**Student:** 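I'd like to ask some things about the structure below.
Side-chain atoms are counted along with the backbone in the values below, which use heavy atoms only and exclude waters and symmetry mates. This one's a predicted model, so the numbers in the text were calculated from it and none came from an experiment.
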Amino acid sequence: MKERILVTGGTGYIGSHTVVELQLAGYEVIIIDNLSNSTIDSLAGIEKITGIKPSFENLDCVDYVGLDYMFSKYEGIKAVIHFAASKAVGESVQKPILYYRNNVNGLMNILDLMPIHGVQNILFSSSCTVYGEPDMLPVNETAPTKPATSPYGNTKQICEEIIRDVIHSGAFMNSIILRYFNPIGAHPSAQIGELPIGVPSNLVPFITQTAIGIHNKLNVFGNDYNTPDGTCIRDYINVVDLAKAHVVAVKRMLDCVQDEPLEFFNIGTGRGVSVFELIHAFEMSNHVKVPYTVVERREGDIEKVWADPQKANTILGWKAEISVEDTLKSAWNWEKRLHETRKV
């Protein structure tokens with residue numbers, strides 16, 4: 001019998017790719033998502049890739065009663081992978097209450113209901129934003145967390161602390177927290193990918209939408225940072241590589257081989273790439289120009305951060321494998337497929 005995994009936010013960008021990799025690894029997946037930043041079409045894409053349509057419940061994690069019913073309906077859940085959260089840095093500065101309500105309350109509901117329904121494992125989707133402006137680069141897991149530069153980043157810190165406190169209280173629970181760097185790209189089949197609602201807040205979909213003609217120009221938020229070309233530097237990781245990290249982390253929890261009931265892993269490539277470098281790599285990889293304009297810095301953005309992924313490489317046996325160039329090709333193929341769909 002297949003082990004049953006609950007994936008919150010499973011029709012979203014990272015969630016849908018993780019569902020694919022979980023199914024390919026032999027797990028049964030139940031998705032809950034309120035479709036606030038995704039579409040139901042992701043389910044069809046997942047089914048085309050894997051041949052399996054996952055169970056789906058249109059549900060908000062803030063809905064305690066609905067969550068309680070869901071846990072009862074799908075008995076025997078072995079682990080929760082919690083993606084469901086609002087995730088745009090800029091929007092969080094403008095709408096902090098929305099972010100605290102969605103991100104913090106949703107996690108607390110899940111943690112409250114897990115022991116009631118006999119679920120012992122939770123994999124939490126965190127972010128490198130918890131490191132703030134790091135003292136040293138690359139960043140490893142021993143680096144101190146810093147005061148958050150945005151409400152979004154603060155919710156990730158708060159959620160990590162809540163999980164830590166719950167486990168410290170003696171709750172019969174295990175958790176792995178994955179601190180992502182910057183996921184980009186799409187599945188090589190072009191059946192699923194990043195589909196932001198409205199104007200993208202992430203760089204790559206803004207690049208692809210500009211290249212396809214949806215936007216006249218790409219906005220580059222500041223070119224006066226203390227970096228070689230003046231633009232922010234990030235660690236861009238292929239979303240399929242990232243999804244595979246979740247599969248090995250879930251297996252580690254289910255196999256009961258954790259060194260501690262709470263573990264942290266940085267999930268990145270170990271390489272920093274600037275905004276201008278990424279734009280140029282996209283143009284070179286796909287033979288298309290991307291017009292851009294430099295605008296004011298965006299509040300909440302960190303100057304430069306990239307991962308030291310050695311802990312994940314060694315302990316999880318996971319490593320980022322897909323190049324930035326191939327990742328940007330996948331993002332462009334996904335955008336072109338969306339363009340063809342819009343014309344139909």
**Student:** Please determine whether salt bridge (Lys or Arg N to Asp or Glu O under 4.0 Å) holds for the pair Glu283 and Lys289, giving the CA-CA distance in whole Å, both sets of side-chain angles, and the decisive distance to 0.1 Å.
**Tutor:** CA-CA 5 Å; Glu283 292 177 331; Lys289 294 297 291 182; 3.6 Å; yes
**Student:** Quick one: does Arg4's side chain get under 4.5 Å of Tyr27's, heavy atoms only?
**Tutor:** no
**Student:** Taking side chain as C-beta onward, heavy atoms only, is Met173 less than 4.5 Å from Val166?
**Tutor:** yes
**Student:** Over all heavy atoms of both residues, which pair between Gly185 and Ser330 is shortest? Give the atoms and the distance, please.
**Tutor:** CA-OG, 3.6 Å
**Student:** Under a 4.5 Å side-chain heavy-atom rule over Ile, Leu, Val, Met, Phe, Trp and Tyr, are Leu111 and Leu113 clustered together?
**Tutor:** yes
**Student:** Measuring from Leu328:CG to Ile322:CD1, what's the distance to the nearest 0.5 Å?
**Tutor:** 12.0 Å
**Student:** If you look at every heavy atom in Ile110 and Cys61, which pair is closest and at what distance?
**Tutor:** CD1-SG, 4.0 Å
**Student:** At what distance, to the nearest 0.5 angstrom, does CG of Asn103 lie from NZ of Lys156?
**Tutor:** 6.0 Å
**Student:** With side chain to side chain donor-acceptor pair (under 3.5 Å) as the rule and sequence neighbours excluded, what pairs involving residues 143-153 come up?
**Tutor:** Asp135-Lys146
**Student:** May I have the step-by-step check of salt bridge (Lys or Arg N to Asp or Glu O under 4.0 Å) for Glu3 and Lys78, ending in yes or no?
**Tutor:** CA-CA 7 Å; Glu3 292 176 299; Lys78 297 298 183 182; 6.0 Å; no
**Student:** Hey, is the main chain of His187 close enough, under 3.5 Å, to the side chain of His17 for a donor-acceptor pair?
**Tutor:** yes
**Student:** With a 3.5 Å cut-off and sequence neighbours excluded, list the donor-acceptor pairs that the side chains of residues 44-60 form with protein atoms.
**Tutor:**
unit_1 : atom_1 : unit_2 : atom_2 : d
Thr50  : OG1    : Gln23  : OE1    : 2.8
Thr50  : OG1    : Ile46  : O      : 3.0
Thr50  : OG1    : Ile52  : N      : 3.1
Thr50  : OG1    : Ile52  : O      : 3.2
Glu57  : OE2    : Lys73  : NZ     : 2.7
Glu57  : OE2    : Tyr74  : OH     : 2.6
Asp60  : OD1    : Val62  : N      : 2.9
Asp60  : OD2    : Asn34  : ND2    : 3.0

**Student:** Start with the C-alpha distance between Asn202 and Tyr13, add both sets of side-chain angles, then the distance that settles side-chain hydrogen bond (donor to acceptor under 3.5 Å, both in side chains), and finish with yes or no.
**Tutor:** CA-CA 12 Å; Asn202 292 336; Tyr13 176 41; over 6 Å; no
**Student:** How long is the gap from NE2 on His82 to CG on Leu107, to the nearest 0.5 Å?
**Tutor:** 5.0 Å
**Student:** Is Glu325 atom CD crowded by more than 12 heavy atoms from other residues, nucleotides or ligands, each under 6.0 Å away?
**Tutor:** yes
**Student:** Is a donor from one side chain sitting under 3.5 angstrom from an acceptor on the other, for Tyr64 and Asn105?
**Tutor:** no
**Student:** For residues Tyr99 and Ile97: do they belong to one hydrophobic cluster (side chain heavy atoms under 4.5 Å, members Ile, Leu, Val, Met, Phe, Trp, Tyr)?
**Tutor:** no
**Student:** Give, for atom CD of Gln157 and atom CD1 of Ile162, the distance between the pair rounded to the nearest 0.5 Å.
**Tutor:** 12.0 Å
**Student:** Under 6.0 Å from the ring centre and within 45 degrees of the ring axis: does the NZ or CZ of Arg297 meet both conditions for the six-membered ring of Tyr225?
**Tutor:** yes
**Student:** Centre-to-centre under 6.0 Å for Phe276 and His280, is that the case here?
**Tutor:** no
**Student:** Mind checking whether Gln209 and Pro196 have side chains closer than 4.5 Å, heavy atoms only?
**Tutor:** yes
**Student:** Does Lys217 qualify as a cation-pi partner of Tyr292, given the criterion of NZ or CZ under 6.0 Å from the six-membered ring centre and within 45 degrees of its axis?
**Tutor:** no
**Student:** Please evaluate residues Glu263 and Arg252 with respect to the criterion salt bridge (Lys or Arg N to Asp or Glu O under 4.0 Å), reporting the C-alpha separation (whole Å), side-chain torsions for both, the decisive distance (0.1 Å), and the verdict.
**Tutor:** CA-CA 11 Å; Glu263 295 180 327; Arg252 181 172 174 81; 2.8 Å; yes
**Student:** Say whether, by atom type as modelled, one donor and one acceptor occur between the side chain of Asp255 and the main chain of Val257 under 3.5 angstrom.
**Tutor:** no
**Student:** Do the non-hydrogen side-chain atoms of Ile192 and Val20 ever get within less than 4.5 Å of each other?
**Tutor:** yes
**Student:** Report yes if some heavy atom in the side chain of Pro188 is under 4.5 Å from a heavy atom in the side chain of Val240; otherwise report no.
**Tutor:** yes
**Student:** To the nearest 0.5 angstrom, please state how far the OG atom of Ser86 sits from the OH atom of Tyr100.
**Tutor:** 12.5 Å
**Student:** May I ask you to decide whether Lys244 forms a salt bridge with Asp241, counting only side-chain N to carboxylate O separations under 4.0 Å?
**Tutor:** no
**Student:** Is there a donor-acceptor pair closer than 3.5 Å between any side-chain N or O of Asp235 and the backbone N or O of Thr269?
**Tutor:** yes
**Student:** Which class fits the ring pair Trp332 and Phe282: parallel under 30°, tilted 30 to 60°, perpendicular over 60°?
**Tutor:** perpendicular
**Student:** With a 4.5 Å cut-off on side-chain heavy atoms, are Glu160 and Val130 touching?
**Tutor:** yes
**Student:** Could you report the tightest heavy-atom contact between Leu35 and Ile40, atom names first, then the distance?
**Tutor:** CD2-N, 4.0 Å
**Student:** Side chains of Asn238 and Ile184: closer than 4.5 Å at any heavy-atom pair?
**Tutor:** no
**Student:** Looking only at side chains, do Tyr236 and Arg271 share a donor and an acceptor under 3.5 Å apart?
**Tutor:** no
**Student:** Write down the atom of Ile176, the atom of Ala249, and the distance for their closest heavy-atom approach.
**Tutor:** CD1-O, 3.5 Å
**Student:** Going by the angle between their ring planes, with limits at 30° and 60°, are Tyr180 and His246 parallel, tilted or perpendicular?
**Tutor:** perpendicular
**Student:** With the side chain counted from C-beta on, respond yes when Arg234 and Asp301 share a heavy-atom pair under 4.5 Å apart, and no when they do not.
**Tutor:** yes
**Student:** Is atom CG of Asp224 surrounded by more than 12 heavy atoms (other residues, nucleotides or ligands) closer than 6.0 Å?
**Tutor:** yes
**Student:** What is the minimum heavy-atom distance between Thr39 and Thr11, and which atoms define it?
**Tutor:** O-CB, 3.9 Å
**Student:** Grab the two heavy atoms, one from Ser274 and one from Asp229, that are nearest each other, plus how far apart they are.
**Tutor:** OG-OD2, 2.5 Å
**Student:** Between CD1 of Ile177 and CD1 of Ile267, what distance do you get to the nearest 0.5 Å?
**Tutor:** 12.5 Å
**Student:** Step through the shown structure and confirm whether more than 12 heavy atoms of other residues, nucleotides or ligands are within 6.0 Å of NZ on Lys311.
**Tutor:** yes
